[in-house]
S.K.: 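Let me give you the structure first, and then I'll get to my questions.
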Amino acid sequence: MDTKHIQIRDYNYPLPDERIAKFPLPERDSSKLLVYEGGRISETQFRSLPSLLPEGALMVFNNTRVIQARLHFRKTPQTPLGGELSAGEIANGNRLGALIEIFLLEPAEPVEYQENFARRGSCSWYCLVGNLKKWKEGKLTREFKIQNSRIKLSAERVGTHGTSQEIKFEWGVTDADNDQRSMGKGQCPITFAEVIDAIGELPIPPYLNRKTQESDKTTYQTVYSKIKGSVAAPTAGLHFTKRVLDDIDARGIEREEVTLHVGAGTFRPVKSEDIGGHDMHTEHIAVHRHTIERLLAHNGEAIAVGTTSVRTLESLYYMGVLAGNEELRKKNEDSSLHVPQWMPYEYDNSLSTTEALEALLHYMDERGEEVLHSSTQIIIAPGYKYHIVRRMITNFHQPQSTLLLLVSAFIGDNWHEVYDYALAHDFRFLSYGDSSLLVP
């Protein structure tokens, strides 16, 4: 199969708006679970999942945490010549400045997420900017309170990065006399993580067609989320509760965690007729040495919770290929282990999974690394050979999406039967919807 020539229109299905779950169920694990195994379809409640999994298997979860990535600023309105705006002019809204939304995508400086969140006084991010045409130049500012301190935050465009803007943020404590000596300086007591927690808005998916609510701050995070960095939740994980995790442990199923920070590109539709014209977004991952060792102990086989865990695990195979082949690495600009979009279809896959994972451990040993930090642009579509994932837990995805291609690569054309069944049996779709256990 020539994967690049796959027509995205062949991965369409009717999804009425009323089938998209706008809110989660009150109990996470009371959602419905479709079970597809070797061509047979059945359904149960999600809390029954542990009994459907083989004892002693290895499950891999994505522990990323969604950040409050939407920041809103007002561009300072133009004041009348020689005077201030009157209270009436401000109150009637006619003279309010344009509303500018800055959507954080990924750190620019420092480039590491945790280091960036820990910065005090200044940092920069690659961002999408809403109403960009109204922000030609200058800094945007806003003031707010954290821990009884009044903080002034500024945002300044400093460059373009692909389709995004590089934005430099500076913040500091300001007192009643408007003293801003800490502005942009390292001595500011407030971290960037505290800034976005204070004024940011959680970015729920655009297809929910509603504003973020206070409840989303809890329900749009997995119960095991730890590492801040995503702008969208790994939604298959939203169904898990402490009760389900305890039942998994009781069956002797091992649990490991990886980190893949989900980018806004996960919602970007495929606009080209064939997928060869679609550029996959880059996502950053972090995997501990211990996790790779546990994968090797399980013969390189795992149950993936969510498509982000799938992308991480399958990317590990190709990172192992790169780790053991310096010539291949040199094709990457920085000789890194970054997995290019089409690598799985251009490489002959002659390396076994265990050989690839062993090469990855050797690579980390040589560099004294306990955690592998890398990135992936992998596209998983029909024609892809899975190396690590043997079972997949995933929600129901949008028509004509790369995530539906990933599912089709796993269970073949039977994805039609799975989705037809879900539509006919009142399953709820997309991020807050029900889920499935897929076993080829």
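All values derive from a computational prediction rather than experimental measurement.
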S.K.: Does the side chain of T191 pick up a donor-acceptor pair with the side chain of E194 at under 3.5 Å?
M.R.: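 Result is yes, a qualifying pair exists.
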S.K.: Looking just at side-chain N and O atoms, do D434 and S31 make a donor-acceptor pair shorter than 3.5 Å?
M.R.: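 Not at all, the side chains of D434 and S31 share no donor-acceptor pair under 3.5 Å.
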S.K.: Does the side chain of H281 come under 3.5 Å of the side chain of Q377 through a donor N or O and an acceptor N or O?
M.R.: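 There is no such pair (donor and acceptor under 3.5 Å, judged by atom type) between the side chains of H281 and Q377.
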S.K.: Counting only N and O atoms by type, is there a donor-acceptor contact under 3.5 Å from the side chain of R289 to the main-chain atoms of E293?
M.R.: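 Not a single qualifying donor-acceptor pair exists.
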S.K.: Is there side-chain contact between L357 and H387, with heavy atoms separated by less than 4.5 Å?
M.R.: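 Side-chain contact under 4.5 Å: no.
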S.K.: Taking it one step at a time, do F429 and F396 satisfy ring pair (Phe, Tyr, Trp, His ring centres under 6.0 Å)?
M.R.: CA-CA 5 Å; F429 278 62; F396 297 94; 5.2 Å; yes
S.K.: Determine, stepwise, if the pair T376 / S315 fulfils side-chain hydrogen bond (donor to acceptor under 3.5 Å, both in side chains).
M.R.: CA-CA 7 Å; T376 183; S315 294; 2.7 Å; yes
S.K.: Side chains of H284 and S375: donor-acceptor distance under 3.5 Å anywhere?
M.R.: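 No.
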S.K.: Do you see a donor-acceptor pair shorter than 3.5 Å between the side chains of Y220 and S215?
M.R.: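 The answer is no; no qualifying pair exists.
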S.K.: Under the salt bridge (Lys or Arg N to Asp or Glu O under 4.0 Å) rule, what do D216 and R210 come out as? Steps first, then yes or no, please.
M.R.: CA-CA 11 Å; D216 291 309; R210 65 172 176 82; 2.9 Å; yes
S.K.: For a quick test of reading the model, state the closest non-hydrogen atom pair linking F427 to L34 and the distance between them.
M.R.: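 Nearest pair, atom of F427 first, then L34: CE2-N, 3.5 Å.
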S.K.: Mark yes when over 12 heavy atoms from residues, nucleotides or ligands other than E273 sit less than 6.0 Å from its CD; otherwise mark no.
M.R.: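 Atom CD in E273 is not crowded, with 12 or fewer foreign heavy atoms closer than 6.0 Å.
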S.K.: Any donor-acceptor pair under 3.5 Å linking the side-chain atoms of N395 with those of S435?
M.R.: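 Side chains of S435 and N395: no pair found under 3.5 Å.
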S.K.: Dump the intermediate steps for side-chain hydrogen bond (donor to acceptor under 3.5 Å, both in side chains) on E366 and H362, then the final yes or no.
M.R.: CA-CA 6 Å; E366 286 186 327; H362 181 68; 3.2 Å; yes
S.K.: Check whether any side-chain heavy atom of H72 sits under 4.5 Å from a side-chain heavy atom of L99, and report yes or no.
M.R.: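 Answer yes - side chains close enough.
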S.K.: Output all residues satisfying salt bridge (Lys or Arg N to Asp or Glu O under 4.0 Å) with R255, sequence neighbours left out; order by chain, then residue number.
M.R.: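 By the salt bridge (Lys or Arg N to Asp or Glu O under 4.0 Å) rule, R255 matches D249.
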S.K.: Let me confirm one number: the OH-OG distance from Y318 to S374, rounded to the nearest 0.5 Å.
M.R.: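 So the OH of Y318 and the OG of S374 are separated by 15.0 Å.
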S.K.: Kindly indicate whether the side chain of F103, heavy atoms from C-beta on, has any atom under 4.5 Å from the side chain of C127.
M.R.: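 Side chain of F103 against side chain of C127, heavy atoms only: no contact under 4.5 Å found.
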S.K.: Would you compute the distance between atom CD1 of I102 and atom CD of Q165 and round it to the nearest 0.5 angstrom?
M.R.: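 Here the interatomic distance stands at 10.0 Å.
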S.K.: Under a 4.5 Å cut-off applied to non-hydrogen side-chain atoms, are L437 and T394 in contact?
M.R.: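 When only atoms from C-beta onward are counted, T394 and L437 do not touch, as no gap falls below 4.5 Å.
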S.K.: Determine whether a donor-acceptor pair (N or O, by modelled atom type, separation under 3.5 Å) exists between the side chain of T241 and the backbone of V244.
M.R.: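 Looks like yes, one N/O pair under 3.5 Å.
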S.K.: Considering only residues two or more places apart or on different chains, which pairs with a residue in residues 398-420 satisfy side-chain hydrogen bond (donor to acceptor under 3.5 Å, both in side chains)?
M.R.: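 For residues 398-420, and leaving out neighbouring residues, the side-chain hydrogen bond (donor to acceptor under 3.5 Å, both in side chains) pairs sorted by first residue read Y36-N414.
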S.K.: Measure from NZ or CZ of R119 to the centre of the six-membered ring of F169 and say whether it is under 6.0 Å with the direction within 45° of the ring axis.
M.R.: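 Geometry flag: not set, cation outside 6.0 Å or 45°.
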S.K.: Could you go step by step and tell me if E170 and K139 meet the salt bridge (Lys or Arg N to Asp or Glu O under 4.0 Å) rule?
M.R.: CA-CA 10 Å; E170 292 187 328; K139 292 184 179 182; 3.5 Å; yes
S.K.: Aromatic rings H261 and Y113: how do their planes relate, parallel, tilted or perpendicular, breaks at 30° and 60°?
M.R.: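 H261 vs Y113 ring planes: tilted.
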S.K.: For a ring pair (Phe, Tyr, Trp, His ring centres under 6.0 Å) check, start with the C-alpha distance between Y384 and F410, then their side-chain angles and the critical distance, and finish with the verdict.
M.R.: CA-CA 8 Å; Y384 179 86; F410 197 58; 10.0 Å; no
S.K.: Without swapping roles, check the side chain of Q341 against the backbone of M280 for a donor-acceptor pair under 3.5 Å.
M.R.: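 Indeed, once roles are kept as given, a pair shorter than 3.5 Å links the two residues.
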S.K.: Does atom CD of E214 have more than 12 heavy-atom neighbours, drawn from other residues, nucleotides or ligands, at distances under 6.0 Å?
M.R.: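 Result for CD/E214: open.
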S.K.: Where do V262 and A232 come nearest, in terms of heavy atoms and distance?
M.R.: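 For V262 versus A232, the nearest heavy atoms are CB-O, 3.3 Å.
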S.K.: Just by distance, do the side chain of N325 and the backbone of E327 share a donor-acceptor pair under 3.5 Å?
M.R.: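 Yes; at least one donor-acceptor contact below 3.5 Å.
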S.K.: Under 3.5 Å, is there a donor-acceptor pair linking the side chains of T64 and S230?
M.R.: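 Yes, S230 and T64 have a side-chain donor paired with an acceptor closer than 3.5 Å.
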S.K.: Are side-chain N/O atoms of T291 and E256 paired as donor and acceptor at under 3.5 Å?
M.R.: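 T291 vs E256: donor-acceptor pair found between side chains.
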S.K.: Between R311 and E314, does at least one N-O distance fall below 4.0 Å, as a salt bridge requires?
M.R.: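 No, this pair does not count.
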S.K.: Are any of the side-chain nitrogens in D29 or R47 under 4.0 Å away from the carboxylate oxygens of its partner?
M.R.: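 Salt bridge present between D29 and R47.
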S.K.: Going from CD1 on I151 to CD1 on I199, what distance comes out if it is rounded to the nearest 0.5 angstrom?
M.R.: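 The CD1 atom of I151 sits 10.0 Å away from the CD1 atom of I199.
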S.K.: Take K168 and E156 through the salt bridge (Lys or Arg N to Asp or Glu O under 4.0 Å) test and state the conclusion after the steps.
M.R.: CA-CA 5 Å; K168 182 176 183 181; E156 181 181 14; over 6 Å; no
S.K.: As a quick check of understanding, evaluate side-chain hydrogen bond (donor to acceptor under 3.5 Å, both in side chains) for Y363 and E369, giving each step before the final call.
M.R.: CA-CA 9 Å; Y363 177 92; E369 296 175 353; 5.6 Å; no
S.K.: Do the non-hydrogen side-chain atoms of D274 and I6 ever get within less than 4.5 Å of each other?
M.R.: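 No, every pair of side-chain atoms sits at 4.5 Å or beyond.
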S.K.: Tell me if the NZ atom of K22 is crowded by more than 12 foreign heavy atoms within 6.0 Å.
M.R.: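 For K22, atom NZ is crowded (more than 12 foreign heavy atoms under 6.0 Å).
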S.K.: Quick one: do the H298 and E254 side chains pair a donor with an acceptor below 3.5 Å?
M.R.: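 Present: a donor and an acceptor within the cut-off.
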S.K.: Against the six-membered ring of W342, is K4 placed for a cation-pi contact (under 6.0 Å from the centre, within 45° of the normal)?
M.R.: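 So K4 does make the cation-pi contact.
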S.K.: Counting distance only, does the side-chain N/O of R391 pair as donor-acceptor with the main-chain N or O of I303 below 3.5 Å?
M.R.: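 Flag not set: sc R391 to bb I303 has no pair under 3.5 Å.
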S.K.: Once you round to the nearest 0.5 Å, how far does CD of Q147 lie from CD1 of I190?
M.R.: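 Reported value, rounded in 0.5 Å steps: 4.5 Å.
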S.K.: Can H161 and E166 be counted as having a side-chain donor-acceptor contact under 3.5 angstrom?
M.R.: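 Distance-only check fails for H161 and E166.
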S.K.: Ignoring hydrogens, what is the shortest heavy-atom contact between N62 and S309? Give both atom names and the distance.
M.R.: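 Closest heavy-atom pair between N62 and S309: N-OG, 3.3 Å.
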S.K.: Say you draw a straight line from CH2 of W125 to CG of L105; how long is it, rounded to the nearest 0.5 Å?
M.R.: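 It is 8.5 Å, given to the nearest 0.5 Å.
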S.K.: Any chance CG of N148 has more than 12 other-residue heavy atoms, nucleotides or ligands included, within less than 6.0 Å?
M.R.: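 Count not over threshold, so no.
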S.K.: Using the test salt bridge (Lys or Arg N to Asp or Glu O under 4.0 Å), find all partners of R157 that sit at least two apart in sequence or belong to another chain.
M.R.: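 Salt bridge (Lys or Arg N to Asp or Glu O under 4.0 Å) list for R157, sorted by chain: empty.
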S.K.: Assess whether a salt bridge exists between R243 and D247, defined as any Lys/Arg side-chain N lying under 4.0 Å from an Asp/Glu carboxylate O.
M.R.: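 The answer is no: the pair does not qualify as a salt bridge.
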S.K.: Does some side-chain heavy atom of K217 sit less than 4.5 Å from a side-chain heavy atom of Q221?
M.R.: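 No, side chains not in contact.
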S.K.: So, the side chain of T219 versus the backbone of F23: is there a donor-acceptor pair under 3.5 Å, distance only?
M.R.: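 Side chain of T219 to backbone of F23, a donor-acceptor pair under 3.5 Å: no, none is there.
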S.K.: Kindly indicate whether the side chain of R19, heavy atoms from C-beta on, has any atom under 4.5 Å from the side chain of D426.
M.R.: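 Yes, close enough: below the 4.5 Å cut-off.
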S.K.: Between L238 and R28, is the side-chain contact (heavy atoms from CB on, under 4.5 Å) condition met? List the steps.
M.R.: CA-CA 7 Å; L238 297 179; R28 292 173 184 253; 4.0 Å; yes
S.K.: Between Y126 and L104, is any pair of side-chain heavy atoms under 4.5 Å apart?
M.R.: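 Side-chain contact under 4.5 Å: no.
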S.K.: Nearest 0.5 Å please: distance from the CG atom of L202 over to the NZ atom of K211.
M.R.: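 So the CG of L202 and the NZ of K211 are separated by 15.5 Å.
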